[in-house]
**Student:** 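Quick one: the structure is below, questions incoming.
Chain A is the first sequence line, chain B the second, and so forth, proteins listed ahead of strands; every chain is numbered from 1. Hydrogens, waters and symmetry mates are skipped; everything else that's a heavy atom, side chains included, is used.
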2 protein chains.
Amino acid sequence: MNKSVGRLVSVLYRKNQVYLDIALSAYNITASEVAFITALYRKDGINQELLSQTLNIDKAATAKAIKSLETKGYVYRTKNASDRRANMIFISEYARSQKRGIYKELGKWTDFLTRDIEADKVETMFEVLNRMVEHLEKGFLPVWDDDEI
Amino acid sequence: MNKSVGRLVSVLYRKNQVYLDIALSAYNITASEVAFITALYRKDGINQELLSQTLNIDKAATAKAIKSLETKGYVYRTKNASDRRANMIFISEYARSQKRGIYKELGKWTDFLTRDIEADKVETMFEVLNRMVEHLEKGFLPVWDDDEI
DNA sequence: AGGAGATAGTTGAATTGTCAACTAATTTCG
DNA sequence: CGAAATTAGTTGACAATTCAACTATCTCCT
């Protein structure tokens with residue numbers, strides 16, 4: 001058994017992109033954009049900064065994705081009146097109308113991946129993945145040069 | 001608990017890249033290159049096609065990574081005499097001399113991620129990730145338009 | 001033998017995400 | 001109050017990866 005988190009996660013990430021780009025092409029959204037959409041289905045009206053934190057993604061990537069989703073009619077933005085630096089991002093009616101179909105495609109992917117694997121083991125995998133992500137959120141593994149303090 | 005393989009794997013993949021790019025900068029290699037190096041530590045003399053299959057990565061990405069690693073002195077290539085299309089890729093002596101240090105950095109990352117998580121759960125996570133990758137290797141989830149066959 | 005199709009590798013275009021630099025607005029606090 | 005630091009967002013440069021098109025070589029048939 002291969003014990004490299006890096007390799008396994010790399011394969012899953014890249015194939016996930018390829019699969020979802022195809023599966024979601026009918027919805028005119030990409031694998032990277034769907035992460036923003038699902039976050040906003042859960043809670044919209046939040047700003048880009050919070051969205052970036054939620055997804056653990058660079059704010060530049062968020063800016064680009066939201067701009068694209070706005071063009072495609074999935075989200076709209078309004079300036080926050082009490083903090084005019086911030087955009088509030090909302091899911092459009094159109095996006096809501098596509099929700100069920102999009103989740104169906106996401107579900108198919110997870111079902112395919114976890115097919116024939118015991119449910120309790122899958123559960124444990126989710127738990128461990130979540131805890132590893134929590135470690136990342138809490139604080140990065142510090143990297144020092146050997147001769148710096 | 002978040003049950004999206006996509007989101008979790010995405011965070012782990014991207015942070016892994018950022019961390020390793022820093023941690024391995026002393027070795028003049030990147031996070032993506034180190035995957036090729038470790039595969040070649042395990043078995044070198046193989047061609048790019050097999051390397052691509054082993055890492056589940058596009059052959060174009062392999063070509064570019066190997067070219068870069070060759071420039072950096074980590075690998076060298078010789079034409080396979082019995083199949084002159086194919087390159088045989090070998091780890092250099094220099095690469096071997098860096099092996100221990102590189103694995104140390106990789107180990108620090110895994111240790112950080114799995115810190116304070118029960119060993120048997122980590123084991124189960126590896127098992128499930130491996131089986132999911134096997135599903136990918138066996139065959140892609142087919143995608144059809146609803147009105148095709 | 002020799003042509004059709006398969007295989008190994010390379011190259012260039014497009015996409016995604018990071019970082020750094022920047023603008024604009026807000027908060028802090030001397 | 002008002003300058004300095006912080007925060008939200010944007011933009012442009014760069015790296016990694018995929019796909020498609022291409023070359024070269026090899027294998028399989030008849």
**Student:** Could you state the OH-C1' distance from A:Y19 to D:dT18, rounded to the nearest angstrom?
**Tutor:**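 Rounded to whole Å, this separation is 18 Å.
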**Student:** Do A:L106 and A:V34 have side-chain heavy atoms sitting under 4.5 Å apart?
**Tutor:**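 Of all side-chain heavy-atom pairs linking A:V34 with A:L106, at least one is under 4.5 Å.
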**Student:** Take B:R14 and B:T62, find for each the nucleotide of DNA chain C with the closest heavy atom, and name the residue whose nucleotide sits nearer the 5' end.
**Tutor:**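 The residue whose closest nucleotide sits nearer the 5' end is B:T62.
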**Student:** If you restrict it to nitrogen or oxygen atoms, what contacts under 3.5 Å exist between nucleotides 24-26 of chain D and the protein, and what is each distance?
**Tutor:**
unit_1, atom_1, unit_2, atom_2, d
D:dT25, O2, B:R85, NH1, 3.1
D:dC26, OP1, B:R84, N, 2.8
D:dC26, OP2, B:R84, NH1, 3.4

**Student:** Under a 4.5 Å cut-off applied to non-hydrogen side-chain atoms, are A:M88 and A:N47 in contact?
**Tutor:**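 Sidechains of A:N47 and A:M88: no contact.
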**Student:** Step by step, work out the side chain to side chain contact (heavy atoms under 4.5 Å, CB included) result for B:L12 and A:Y13.
**Tutor:** CA-CA 9 Å; B:L12 290 167; A:Y13 172 78; over 6 Å; no
**Student:** Applying side chain to side chain donor-acceptor pair (under 3.5 Å), can you list everything that pairs with A:K43, at least two apart in sequence or on another chain?
**Tutor:**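 For A:K43, no residue satisfies side chain to side chain donor-acceptor pair (under 3.5 Å) once neighbours in sequence are set aside.
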**Student:** Evaluate the ring planes of A:Y76 and A:F90, with Trp represented by its six-membered ring, and classify them as parallel (under 30°), tilted (30 to 60°) or perpendicular (over 60°).
**Tutor:**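 Geometry flag for A:F90 against A:Y76: parallel rings.
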**Student:** Is the shortest heavy-atom distance from the side chain of A:L8 to the side chain of B:F126 under 4.5 Å?
**Tutor:**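 Yes, at least one pair of side-chain atoms sits under 4.5 Å.
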**Student:** Does the protein touch nucleotides 11-16 of chain D at the base, only the backbone, or not at all? Give it as B, S and - per nucleotide, heavy atoms under 4.0 Å.
**Tutor:** BBB--S
**Student:** For A:I66 and D:dG9, what is the distance between atoms CD1 and P respectively, to the nearest whole Å?
**Tutor:**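 Computing the A:I66:CD1 to D:dG9:P distance gives 10 Å.
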**Student:** Anything under 4.0 Å to a heavy atom of chain B counts; send over the first and last such nucleotide of DNA chain C, read 5' to 3'.
**Tutor:**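 That gives a stretch of C:dA6 to C:dC19.
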**Student:** Which residues pass the side chain to side chain donor-acceptor pair (under 3.5 Å) test with B:K67, not counting sequence neighbours?
**Tutor:**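 Per chain and number, B:K67 pairs via side chain to side chain donor-acceptor pair (under 3.5 Å) with no residue.
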**Student:** With sequence neighbours left out, write down each residue that passes salt bridge (Lys or Arg N to Asp or Glu O under 4.0 Å) with A:K99, or none if nothing qualifies.
**Tutor:**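 Per chain and number, A:K99 pairs via salt bridge (Lys or Arg N to Asp or Glu O under 4.0 Å) with no residue.
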**Student:** Is there a ring pair (Phe, Tyr, Trp, His ring centres under 6.0 Å) between B:Y27 and B:Y74? Walk through the geometry before answering.
**Tutor:** CA-CA 10 Å; B:Y27 296 90; B:Y74 273 87; 8.1 Å; no
**Student:** Provide, to the nearest angstrom, the distance between the CD1 atom belonging to A:I46 and the C1' atom belonging to D:dT7.
**Tutor:**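 A:I46 atom CD1 is separated from D:dT7 atom C1' by 16 Å.
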**Student:** If you measure from CD on A:Q17 to OG on A:S32, what distance do you get to the nearest 0.5 Å?
**Tutor:**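 Between atom CD of A:Q17 and atom OG of A:S32 there are 5.5 Å.
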